[in-house]
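Throughout, protein chains are lettered first and strands after them, A, B, ... in sequence-line order, and every chain is numbered starting at 1.
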Amino acid sequence: MNKELPKIYEPQKVEDEIYARWEQSRCFQPEAGQPLADNLDKRETYCNVLPPPNANGELHIGHASGYTVMDIFGRYARMNGKKTLLLPGKDHAGIQTQVVFEKKLLAEQGLSRQEIGRENFYKKTYEFCIDRANYMRSQEKKIGISADWSREKFTLDPDVLKIAMETFVKMHEDGLIYKGKRIINWCPRCSTALSDVEVLHKETPGKLYFIKYPLENSTEFITVATTRPETMLGDTAVAVNPKDKRYLKLIGKNIVLPLQNTIIPIIADKRIDLSFGTGAVKITPAHDPLDWQIGKDHNLEEIQIIDEKAAITELGGKYAGLTAHVAREEVLKDLEKLNLLEKVEELAHSISICERCKTIIEPLTSSQWFINVDAKNFSLKKKAIEAIKKNEIEIFPNNFQKILIDWFENMRDWCISRQIWWGPQFPVWYRTNSQLTTDNSQQEPEMYVGLTPPEGEGWVQDENTFDTWFTSGQWAYTTLKSKEGDFGMFYPSDTMVMGRDLLFFWSSRMIMMSLYTTGKIPFKNLFYTGLVLDKEGHKFSKSRGNGIDPLTVIDKFGADALRMSLVMDSAPGQNSRLYEEKIETFRNFANKLWNISRFCLSQENFKLVKTISKEDIKTPADAWIINCLDKTTIEIDKLFANKQISVAADILKSFTWNDFADWYLEINKIEKNQKVLGYVLDKLLRLWHPFMPFITEHIWTLAKQEKMLIISAWPKSNPELCSNIEAREFEAIQNIITTIRNVRTENKIELGKKITITINSKNEKLLKTFQSEFQEDILKRLKTGIETIGYNKSEEELKDEIKRTLGEINLYIHLADAIDTEKETARIKKEIANLEGFIAGLAGRLADKNFTSKAPTQIINQQKETLAKKQAELSELQKHLDSLS
RNA sequence: GGGUGAUUAGCUCAGUUGGCUAGAGCACUUCUCUUACAAAGAAGGGGUCACUGGUUCGAGUCCAGUAUCACCCACCA
């Protein structure tokens, strides 16, 4: 039977078919009627709203990493009989998608978005996203994620969007949203405002220009230092620190601003650093965030001299129309002509760039929409901090809690309006009432905020679109609210898994928005994954060309191998590295599991066994493996509770390979116990399923199981089965076998050469175990080359043999040739020295009153036991040494 | 300027209430195609757990400091 199974597991041939079967069975869908795990219906639920990837590209290895973690938790929950929902989705990803699609449009059709118009651009981008979403969904399935595709959501789906817009309206009513003219980060390429988190800072070598500003009615100067000389066209003051003695007498005096020839004051402000530059700072309120603040506090005029295309405005006089970059050169040239450029120094400083297109940010004053994150009636950030501090959301790894709280504490108002086209438009309309207008420029238009356009003529919708994080920040509930019943059943969800790079962008916004809208936390557990890096520890990037395509990997090694290589040997929040050799080792492991199963399935009358009784445990090896299995099961559950899935997989791997395959399978070739074999394999497949769903389901099917593994019950520890089990007998056998193999290798005895051994022990019960026919068979056949076994012979008789002490056993190995006394003596002496050192330490500790009075008795007893054991060993070694000399 | 993480075998990394002489994979050495598996098996070698102090009966694990690296934040004109 099953002789036809290939020697090598071929994932490519089975994975798609298995996934299709899962989908058809509707086991991803938590409806009534969904097949449940072995009829366990605890009415408990488990939900993970999956982070929606940006629907503008393809899946990368980072997605695969997150999905694997989510799927492992999801499958674990499902097998534990919970009603499980993994809810997938896609994000329209405002700016990023617009940048991607604009590039595509230009490359393929040579068109800009302006050329095709806003409406058409939106429609085309929408189609593009849907297309990408379809492709990405197929990739997600390849990874094996057990998500309910019937519930898949897109951030622009009308139902999702409606809920998000309702939030806007409500926040506006509650006074949490305001429109105001403030200084914001402006990306000239994207033509939009950006929030603080969408701006990156890059350390760049630059220059610090020292410019002399002439004092009014004087021949004196005050020298200011700046990295952006062109902004002087918009200067409205020079500021110094009030404690700066150098400039005390100048405070309150005026300056004639060069090039512009306007009169501006010298003011004092404590935010000015005395030690930087000259200690005197030119103030350009319209183009620098700090200057803007200072300008506000000192009632300075804001003169916008750079426009939204990064060009100089008409207020810039003769420089109008030049780009800021060119203007800088011109300004410097002119200053030099006037002899006002004192000096230029090299300076490393950080410049702001757009996160998406890397263009240098222009700080501008602009009219934008903001969320007040610290409003009096509902402080979003304080509520978030409170929830986190009260551990309502458990964060893995735990130290990220502090990072998140710190971030919230320093959070400033959130700019949510963007001037891009790709994204939902603000549900805000304006109308200018011409009848009342007496002075056009001063008239504030009438404003309407609501879900649908207002009645009447002349309303024009606000052109702003939403920051993409405004909609994805509501993902935790918009997704669940769009299907009747889901919200009540699954909100707040259990788990949220995301890359640590999304900590500020996304987790923070979800927590705030959810607390505001639902009054509850969005999820109970927040799990951050680290970044996946390449072999050298670099980030994957297109420019570096070091990307690993998940599909290529899956095609080559199988989805299970990829999954394993993404979760093993990694800790929550910690970066990890991925490379082919690593994936290969897990491909090898999958193959090991395959061959283990192949062996089992090829046994006569083999079948998977769900339960066994004590009577089925017949031999020391049976008892031992059942005991190992039980311990492993308990440990894995504990680790799952702590979200330590990497460690869980690790101990399971060690059980599978080192215990079950290397020992139990070998024993089973000699003394067969198909029931125990079937029982262990049954549990093994279940335990591995969350990690390696495809191969386990495949084997499960080959073993002719009616019900699919994905909905089979998670193994439980069986203390009843393990009570009074004596695993030590088998451990003694293992010990003897290993020791003999070791001695053979050490003494270079060929495998073909048979040897005679003697086992001496005072423990009659133990001896009796060995003396059974089967156990002798095991000892002989497990690569030991034993021919005959003797028991309890006299020391005298054995004095020329190699002796090893293994706990209660003295093992003697008779070699045909005389033993190398010198070598053996040296070996024993070394071991004695080692042992004596250890015993001395242990004995010392046990003699120490401090230790015996303070340490728990359990530890003391343990150490006493060890001491006795080691002392016995030592005396055996010494006896042996004496007999050799 | 502030923060976080890392530092454990040649390499990549685990090690969560502190407790026997610190683990894995890869690489390395020697041997084996033994019928589940050479993508394998057997036996090995290899570590003052970055450094310095402290707490403790006991520290890779907790605390303080130092060094190096990485990342993040920041209104460094």
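- Atoms CG (A:Leu782) and P (B:A43) sit 10 Å apart, rounded to a whole Å.
- Checked against B:U4, B:C37, B:C73, the side chain of A:Asn595 finds its nearest nucleotide in B:C37.
- An OP1 or OP2 oxygen of B:C75 is reached within less than 4.0 angstrom by a side-chain nitrogen or oxygen of A:His201.
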Show every donor-acceptor pair shorter than 3.5 Å between a side-chain atom in residues 343-351 of chain A and any protein atom, with sequence neighbours excluded, or say none if there are none.
residue	atom	partner	partner atom	Å
A:Lys343	NZ	A:Glu345	OE2	3.2

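- Whole-Å rounding puts the A:Glu536 CD to B:C11 P distance at 14 Å.
- Checked against B:A39, B:C72, B:G15, the side chain of A:Phe504 finds its nearest nucleotide in B:C72.
- Atom CG in A:Leu665 sits roughly 13 Å away from atom C1' in B:G41 (whole-Å rounding).
- One cannot find a donor-acceptor pair under 3.5 Å joining the base of B:C31 and the side-chain atoms of A:Thr745.
- Following rounding to the nearest Å, A:Ile596 (CD1) and B:U35 (C1') show an atom-to-atom distance of 17 Å.
- Around the NZ atom of A:Lys780, the shell of radius 6.0 Å holds more than 12 heavy atoms that belong to other residues, nucleotides or ligands.
- A salt bridge between A:Arg577 and A:Asp534 is absent, with no side-chain N of the basic residue lying under 4.0 Å from a carboxylate O of the acidic one.
- Between A:Tyr579 and A:Gly279, the one whose closest nucleotide on RNA chain B sits nearer the 5' end is A:Tyr579.
- For B:A43, the base has no donor-acceptor partner in the side chain of A:Arg741 [N/O atoms by modelled type, under 3.5 angstrom].
- Both distances falling under 3.5 Å, in either a Watson-Crick or a G-U wobble arrangement, place B:U12 opposite B:A24.
- Closest to the A:Gln574 side chain, of the nucleotides B:A42, B:A14, B:G19, is B:A14.
- Note: A:Phe640 and A:Phe691 have tilted aromatic rings, judged against thresholds of 30 and 60 degrees for the angle between ring planes.
- Taking 3.5 Å as the limit, the base of B:C37 and the side chain of A:Lys7 contain no donor-acceptor pair of atoms between them.
- Looking only at distances, a side-chain donor or acceptor of A:Thr278 sits under 3.5 Å from a matching main-chain atom of A:Thr223.
- Distances from the side chain of A:Lys539 to the nucleotides B:C71, B:A39, B:C75 place B:C71 closest.
- At a cut-off of 3.5 angstrom, counting only N and O atoms as typed in the model, there is no donor on one side facing an acceptor on the other between the side-chain of A:Gln603 and the base of B:A36.
- The side chain of A:Ser350 lies closest to B:A74 when the candidates are B:A42, B:C20, B:A74.
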What does the list of N/O pairs under 3.5 Å between the protein and nucleotides 26-28 of chain B look like, with a distance for each?
none

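- Residue A:Phe851 contributes atom CZ, which lies 13 Å from atom C1' of B:G18 at whole-angstrom precision.
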